[in-house]
Amino acid sequence: MKLIFKGVVQGVGFRPTIYRVAKKLGLKGYVLNKGSEVEVVINKDKDDFIKQLKKHLPSIAKITDIIVEKDDRTFNDFKILHSKKGKRLSLIPPDIGICEKCVSELFNKNDKRYQFPFTNCTICGARYSLVEDVPYDRERTSMDDFKLCESCKKEYISPINRRYHAQTISCPKCGPSYRLYDKNKKDLGATFPIKRFANQIDAGKIGVIKSWGGMHLCCNLNQINRFREWYNRPQKAFAIMVKNLEVAQKYGDITEDERKIMLSKNKPIVLVKKTAAEEVSPGLNTIGIFLPYTGLHHLLFSYLKSDALVMTSSNIPGEAMITSDEEAFSIDADIYLLHNRRIPNRVDDSVIRLWRGNTFFLRKSRGFVPEPIAVDYNKKILSVGAGENITGAISHDKNVYATQYIGNSKYYSTLEFLEESLRHLMKMTMEKQEIDAVVQDLHPGYDSRKVALKFSEDFSAPLYDVQHHWAHAASLLVDNNLEESVVLALDGLGYGSDGTFWGGEVLLSNFEDFKRIGHLEYIPMLGGDQATRDPRRLVFAIFKKFGEEKFFSGNEAEILSKMMKNSPVSSSSGRVLDALSCYLNICTKRTYDGEPAMKLEKYLANGRPIYSFDAEVKNNTVGTINLFKQLDEMIDKPLKDKEKADYAYSFVKTIMDKLTELATHNADENNIKTIGLTGGVSYNIPINEMVNNHVKNAGLSLVVHNRVPNGDGGISIGQNAIVGHRLSL
Ligand SMILES: [Zn+2]
Ligand SMILES: [Zn+2]
């Protein structure tokens with residue numbers, strides 16, 4: 001009989017496992033990769049075979065479906081046959097952190113891969129970042145440039161070897177290699193490049209490391225101030241890569257769940273409670289930590305005196321991570337550790353935060369992409385996301401696939417990356433390159449619309465606009481397999497259906513439609529985007545309503561006052577948090593996206609609800625401007641941190657209570673049992689706690705994100721689902 005296996009079945013040691021199981025059971029027949037599926041023919045009953053197979057399944061393989069067909073052919077032996085073209089409904093595995101066996105070989109003097117930084121096997125190593133097409137075989141990866149040596153070939157064809165049919169294996173003799181360069185592109189040679197690089201980093205140099213899916217900038221922790229100045233990021237949080245888990249515990253208070261995900265094969269950056277190295281994430285209560293995930297990282301730490309390094313994607317803020325040597329030299333670091341393997345697909349490190357057993361993806365990339373998410377529509381929809389932190393998504397055959405993290409769409413390089421990634425994802429997963437519809441954000445100014453238009457024209461597919469916060473809500477419904485919910489969509493800014501800017505929204509949402517149940521009061525954004533970049537303008541606008549002037553005086557105040565009438569207005573919760581952070585002198589100057597609100601979180605985490613504010617709700621609008629006036633009247637002296645924390649907590653809780661109240665009332669009226677929380681503000685843990693308590697007390701349950709990013713990285717999934725459902729009606 002013939003068995004067709006679907007799922008993550010290629011490039012993960014699936015065929016060798018089948019071979020070994022079949023041999024053990026004395027079966028005759030064959031196994032081959034067909035398109036993205038695996039076809040097996042055996043001459044006996046399948047049950048025992050499948051049972052044994054599942055018992056020995058490689059750790060990263062995943063069977064999603066088995067189709068059984070009649071096949072009476074007879075064979076003399078069991079063989080692995082060459083790949084055939086076929087259906088492309090595949091799941092190319094993500095990049096998987098180096099496994100323990102490979103690490104031990106790395107440090108075994110007698111092993112042929114001793115100190116070989118590209119060591120990998122059938123269950124570990126770079127995958128998605130190397131793959132150029134399916135079926136997944138070496139010739140369609142960037143390892144095709146390196147011809148297997150005789151010794152590696154032996155391993156490759158030996159069924160008992162743990163590298164049997166591992167497509168990307170190599171050794172020091174036949175594989176890629178690292179070389180060291182100075183900032184003038186001068187080749188410093190191939191002898192001990194990693195060790196020499198490590199010495200330079202210990203000595204305080206800023207280095208670039210070419211890795212699997214891109215380039216990292218790194219330096220030791222003592223150099224962080226110089227690094228910030230050189231990289232022009234005075235305050236932004238950086239992730240640190242640490243030698244091992246014991247070292248991680250020096251910098252963070254790590255829970256059991258966080259420990260597990262940090263050690264998992266995906267090796268993401270995990271945001272944990274910070275206990276040391278304040279300067280790595282100034283003013284925040286979290287620190288992003290990750291463990292070595294390539295052979296190179298392990299070797300590097302074996303040579304370094306430092307046990308932790310700042311390790312961050314090498315790019316211009318918001319732009320796509322650098323993948324080519326040429327671009328890397330343009331950023332003018334001190335020293336470069338580069339290899340000679342191409343990077344077909346740029347994949348950034350993933351960033352995760354855990355809350356009460358839920359996984360919040362701040363960035364979903366390496367180790368997690370591509371990942372299909374099941375949907376109940378069978379349409380080919382391509383969606384391009386919003387403006388910042390974008391991802392794209394493509395759906396077909398009742399699954400939706402999001403691209404890796406792309407960046408900010410206002411840069412040309414990022415738009416190019418968005419288009420490339422979507423085309424690649426289509427090539428990797430679709431049998432026929434077809435699109436039924438293209439979806440974009442309603443905001444007329446987003447540059448991602450250019451990419452949407454291009455796909456729409458290329459594929460003669462209609463173009464749809466979807467409102468930003470509805471897309472957030474829909475992404476949450478997809479994430480939780482829900483049809484409908486009342487949802488708090490809390491974020492920075494999104495273009496509203498009425499032409500104002502939204503961001504503190506209570507929506508009754510399903511996939512067909514949404515209703516705006518309530519929102520925060522509108523605040524003038526003096527100078528539009530300028531008010532996002534300079535939170536003092538928000539505070540100024542708020543107090544100007546009472547005839548008072550804060551933060552600005554004289555000429556500046558006069559100019560800003562004139563803007564009051566004609567500036568755009570926003571109901572954004574992110575902007576209220578910014579304004580509060582600024583008013584309390586926690587952060588009055590924004591140097592990176594979301595900074596004032598993020599710095600406020602540390603205070604919220606330590607605050608108590610001991611001050612009472614009186615928030616008015618009129619026409620389903622939750623008053624916020626008056627709360628600032630009340631706050632101002634309560635404070636008559638400079639505040640200590642503890643007092644700021646209590647004021648901040650009481651203030652934010654008042655707003656969250658009012659918004660949640662609107663939500664729970666509406667849920668009751670509509671017999672809905674869940675309240676959802678989504679949008680960039682929903683990464684804020686104290687806010688999750690506030691909303692969760694309130695929702696629980698109302699006898700309802702809170703739904704949050706787990707697979708789809710809370711922030712704008714999840715928008716493409718929501719857009720996709722809304723139009724997917726519309727076309728299915
Ligand atoms: Zn391995
Ligand atoms: Zn070799």
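Computed over heavy atoms, backbone and side chain alike; hydrogens, waters and symmetry mates excluded. Position 1 is the first residue of the sequence; numbering continues from there.
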Over all heavy atoms of both residues, which pair between Lys274 and Ala277 is shortest? Give the atoms and the distance, please. CD-O, 3.8 Å

Is Lys46 close enough and on-axis enough to Phe49, meaning under 6.0 Å and within 45°, for cation-pi? no

Testing the 3.5 Å rule here: is there a donor-acceptor pair between the side chains of Lys112 and Ser151? yes

For a quick test of reading the model, state the closest non-hydrogen atom pair linking Leu291 to Lys267 and the distance between them. CB-CD, 4.1 Å

Derivation and outcome, salt bridge (charged side-chain N to carboxylate O under 4.0 Å, His left out), residues Arg353 and Glu258: CA-CA 8 Å; Arg353 186 169 199 188; Glu258 288 162 350; over 6 Å; no

Residue set satisfying side-chain contact (heavy atoms from CB on, under 4.5 Å) with Asn358, at least two apart, ordered chain then number -> Trp355, Arg356, Phe360, Val704, Asn706

Atom of Met1, atom of Val68 and distance for their closest heavy-atom approach: SD-CG1, 4.1 Å

Working note: Cys102 + Arg162, criterion side-chain contact (heavy atoms from CB on, under 4.5 Å); need CA distance, chi angles, decisive distance, verdict. CA-CA 10 Å; Cys102 285; Arg162 67 186 195 86; 3.3 Å; yes

Looking at Arg140 and Pro135, would you say the former's side chain and the latter's main chain have a donor-acceptor pair under 3.5 Å? yes

The single option from Arg423, Lys427, Arg342 passing salt bridge (charged side-chain N to carboxylate O under 4.0 Å, His left out) against Glu132: Arg342

Could you name each residue pair satisfying ring-ring contact (aromatic ring centres under 6.0 Å, His included) that touches residues 104-130, not counting sequence neighbours? Phe116-Phe118, Phe118-Tyr178, Phe118-His339, Tyr128-His424

Is it true that Tyr164 and Tyr156 have ring centroids separated by less than 6.0 Å? no

Run the side chain to side chain donor-acceptor pair (under 3.5 Å) test on Asn43 and Thr74 for me, step by step, so that the C-alpha distance in whole Å, both residues' side-chain angles and the decisive distance to 0.1 Å come before the verdict. CA-CA 7 Å; Asn43 62 337; Thr74 55; over 6 Å; no

Find the distance between CD1 (Ile394) and NZ (Lys380) and round it off to the nearest 0.5 Å. 9.0 Å

Kindly confirm or rule out a cation-pi arrangement of Arg341 over Phe146, judged by NZ or CZ under 6.0 Å from the six-membered ring centre and within 45° of its axis? no

Please report the closest heavy-atom contact between Ile240 and Ile287, naming both atoms and the distance. CD1-CD1, 3.9 Å

Determine whether Thr359 and Arg707 satisfy the following criterion, side-chain contact (heavy atoms from CB on, under 4.5 Å), listing intermediate values before the conclusion. CA-CA 7 Å; Thr359 305; Arg707 299 176 291 169; over 6 Å; no

With salt bridge (charged side-chain N to carboxylate O under 4.0 Å, His left out) as the test, would you mind laying out the steps for Asp348 and Arg346 before giving the verdict? CA-CA 7 Å; Asp348 284 78; Arg346 179 188 289 112; 5.9 Å; no

May I ask you to test the Val208-Ile335 pair for a side-chain heavy-atom distance under 4.5 Å? no

Start with the C-alpha distance between Lys185 and Asp325, add both sets of side-chain angles, then the distance that settles side-chain contact (heavy atoms from CB on, under 4.5 Å), and finish with yes or no. CA-CA 9 Å; Lys185 305 185 199 177; Asp325 297 2; over 6 Å; no

Would you sort out whether Leu296 and Ile209 count as a side-chain contact (heavy atoms from CB on, under 4.5 Å), showing the intermediate values? CA-CA 9 Å; Leu296 183 273; Ile209 302 174; 3.5 Å; yes

When every non-hydrogen atom of Val369 is compared with those of Ala402, the smallest separation belongs to CG1-O, 3.9 Å

Does Tyr30 have its ring centroid less than 6.0 Å away from the ring centroid of Phe78? no

Have Asp479 and His705 got a donor and an acceptor in their side chains that come within less than 3.5 Å? yes

Measuring from atom CD1 of Ile98 to atom NZ of Lys265, what distance do you get when rounded to the nearest 0.5 angstrom? 16.0 Å

What I want to check is whether the side chains of Asp202 and Ser306 have a donor and an acceptor closer together than 3.5 Å. yes

Given ring pair (Phe, Tyr, Trp, His ring centres under 6.0 Å), test His396 with Tyr401 step by step and report yes or no. CA-CA 9 Å; His396 56 85; Tyr401 303 79; 5.3 Å; yes

For the pair His297 and Tyr293, name the ring-plane relationship: parallel under 30°, tilted 30 to 60°, perpendicular over 60°. perpendicular

